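Inspection log for the structure reproduced underneath, given as structure tokens.
All of these numbers come straight from a predicted model, not from anything done at the bench. Note that ligands are numbered from 1 as they come in the structure, with each ligand's atoms numbered from 1 the same way.
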Amino acid sequence: MKPTLTLFFIVLFNLSGFSNDGYKLWLQYYSIQAPQEWQVNFLSNYEVIGNSATLSIIKKEIAYASSGMISSHPEIKNSIPSLVIGKAGDLSAKNISNPGINSLASDGFAIFHNLESKQLIVSAKTDIGLLYGTFRLLQHIQTGTSIPKEGIFESPKVQHRVLNHWDNLDRTVERGYAGFSIWNWHRLPRHIDQQYHDYARANASIGINGTVLTNVNANALILTPEYLEKVKALADTFRPYGIKVYLTARFSAPIEIGGLQTADPLNAEVQAWWNQKAEEIYQYIPDFGGFVVKADSEGQPGPHNYKRTQADGANMMARALAPHEGIVMWRAFVYNEHTPDDRHKQAFNEFKPLDGKFLDNVIIQVKNGAIDFQPREPFHPLFGAMPNTPLMMEFQITQEYLGHDTHLAFLAPMFEEVLKDDTYANGKGSEVAKVIDGSLHQYAITAMAGVSNIGTDRNWTGHHFHQANWFAFGRLAWNPYQASQEIAEEWLKLTFSTDATFVKTMTDVMMNSREMVVNYMTPLGLHHIMAASHHYGPGPWVSGGRRADWTATYYHQANEKGIGFNRTYTGSNALSQYASELQNQWGSLATVPEKYLLWFHQVDWIQPLQNGESLWNNLAKQYQKGVEEARANIVTWENMREYVDDKRFNHVLSFLTIQAEEAAWWRDACLLYFGQFSKMPLPAGVESPKHSLEYYMNFKPHHVPGI
Ligand code: GCV
């Protein structure tokens, strides 16, 4: 095609909206403007040793990446390849030495320079390790980050790195805001959509190796032959990408699909039913990962129905899976409106006495905080408290409580904050990350789960920037010690541009974004003051109904004197579930970090905070700050136009505009509501609300997605 004609088509495509829709995620493989020799060499002159489904994926990936990144550069034709990708044994057969390979995990990889032959080598013990190494190399090539002289030798620090899809069989997604479920159960198993491959490839590119296909509010149908055929089709598709399939197991399945009268975990028939069910599943899916179970929580059946413990329930399923090497991820999110104790304390009270009572193939899945994925929560007190039972982390990638998909919130700093928190379980330096990677208590199983934000939207996640949260989850599951700033920079370079101004500016925006959301939603330790049920928008007035622990007034406890939940020994004493170092620090008004102030204390409106101003003034100013930050992001993004294609630019701009409007909605509604109690004027600099409190209280949007 002549250059002028090419230009014409490029312009036409851009004008007609055929520009980048974000489907390619961080695997853009956009053209490198002035590629250096090493980038061209590795992409155009490589050898992948061996044949397998995974190795074919590797070959295809490099060819595809190279056509995007260096398409305009002539191939280097040289009989000696510059890049060799092969398993340890295959390399030895070619006399390529493999230093350091023995110490790698089975899915770890090495990328190193072979000084004798002047080649770059990607090596691993398994094909999947090679796939991870290849993706890492391609990411280095795209971002222009050369491979260090000493090479890269990496093994994942966490064994099971899984996405949890809260996807229902009718394709709705609980707390999903990016469309419907990507699993088209009706068309499965006969139609394997290309998107299933693309999903697996994207996950493999960031080291995710498991997917829980179904909602934890489970439907027993998924365990019937009709659906197992479909699950098998997905498992077969995902296998070459190193991704295992897991299912959520409904505790009452023996009754619902097995025709039994009971689901009592100590009943022999029930046990036999689960054993048989596991046998059946493994006939369909020989490498099935195992079950995830939500029991005795929010209406889900569980061992409590039969006066049994969580260990009785988990062990019954574990026994069924053990012969097949499957595991049970049993959730600690157990709480009950009839238990007259702070919801914060209930999971700890339930599980701590069971430490050491679970079978070896059980891991307890614990949310990052004790309540429920709030914009900010102190770490869950169970971390560090169960040395004899493996615990895993559950993060929520989908933004149930952080404005849904239109509010930009880069979640890695929130994940990092929790991972870095010190539990003091074995003295100072007992960070949550060390619980998760098993090093603190020498756990035999380690895992991290992220509740997915993926849906049928073309860009997968609704907000283009929320792809970064999926990416960050993968990176942190691989290495819970990685800095979120580094993750943001890398994601921006892979997804948009390596331009230094762009990367610096947008990294700052991303790094501040979660704090901004905290500012305009739940500053100073406030929590769970969202609207009822759908959790979209402010609802500090939510009270009554059938469950106090689902209301806002339960959590903020505002009255004419002050606001906040007293969780010290004079209140619910949830604080007693933490190490004494933390009880001392968080239990005193003088030393509690202000970010947790109202989480642990009921504080007078007039109480001066660190800056000498009253609690009320601080609260109001934090809300105002959040609004200003959201507005400033629009201006910042407008200056980024030259770095981003029109389609993604305009999409992000429109979402940022929604976010700024809704930040003001949050500020106005919350300050009007809390102002009734404080009876104090808004401090200078805080804008007056646009509407009355009644207006906000009566604003009830219909059909909010994700319920
Ligand atoms: C899947 C919160 C959410 C529920 C979710 C639950 C859980 O309560 O609002 O939608 O249910 O957490 O994690 O089980």
For Tyr536 together with Trp665, are the ring centres under 6.0 Å from each other? yes
Residue pairs passing the salt bridge (Lys or Arg N to Asp or Glu O under 4.0 Å) test with at least one member in residues 445-468, sequence neighbours excluded, are Asp21-Arg458
Exactly one of Asn168, Thr172, Asp167, Asn164 clears side chain to side chain donor-acceptor pair (under 3.5 Å) with Asn215, and that residue is Asn168
Would you say Asn215 contacts ligand 1, with heavy atoms under 4.0 Å as the rule? yes
Ligand 1 atoms nearer than 4.0 angstrom to some heavy atom of Glu174 are 1 (C), 4 (C), 5 (C), 10 (O), 11 (O)
Numbered in order shown, the ligand 1 atoms found under 4.0 Å of a heavy atom of Val216 are 1 (C), 14 (O)
Counting from 1 in the order shown, the ligand 1 atoms closer than 4.0 Å to a non-hydrogen atom of His535 are 9 (O)
Glu400 heavy atoms within 4.0 Å reach ligand 1 at atoms 2 (C), 3 (C), 9 (O)
The closest protein heavy-atom partner of atom 12 (O) of ligand 1 is Lys367 NZ, 3.1 Å
Hits for salt bridge (charged side-chain N to carboxylate O under 4.0 Å, His left out) against Lys595, two or more places apart or cross-chain, chain-then-number order -> Glu417
| Salt-bridge criterion met for Lys367 and Glu377 (N-O under 4.0 Å) | no
Atom 14 (O) of ligand 1 has as its nearest protein heavy atom Lys294 NZ, 2.6 Å
_Check for me whether Gln300 has a heavy atom closer than 4.0 Å to any atom of ligand 1._
no
Among non-hydrogen protein atoms, atom 2 (C) of ligand 1 lies closest to Asp372 OD2, 2.8 Å
Self-check item: Under 3.5 Å: N/O of Glu298 near N/O of ligand 1
Solution: yes
Taking N or O atoms only and a 3.5 Å limit, does Trp166 qualify as a polar contact for ligand 1?
no
- Task: Please check if the side chain of Gln602 supplies one atom and the backbone of Gly564 the other of a donor-acceptor pair under 3.5 Å.
- Result: yes
Of Trp470, Tyr246, Tyr199, the one forming a ring pair (Phe, Tyr, Trp, His ring centres under 6.0 Å) with His165 is Tyr199
**Message:** I'd like to know if the side chain of Asn209 and the backbone of Arg161 have a donor-acceptor N/O pair within less than 3.5 Å.
**Reply:** yes
Say whether Glu394, considering both its backbone and side-chain N or O atoms, lies within less than 3.5 Å of an N or O atom on ligand 1. no
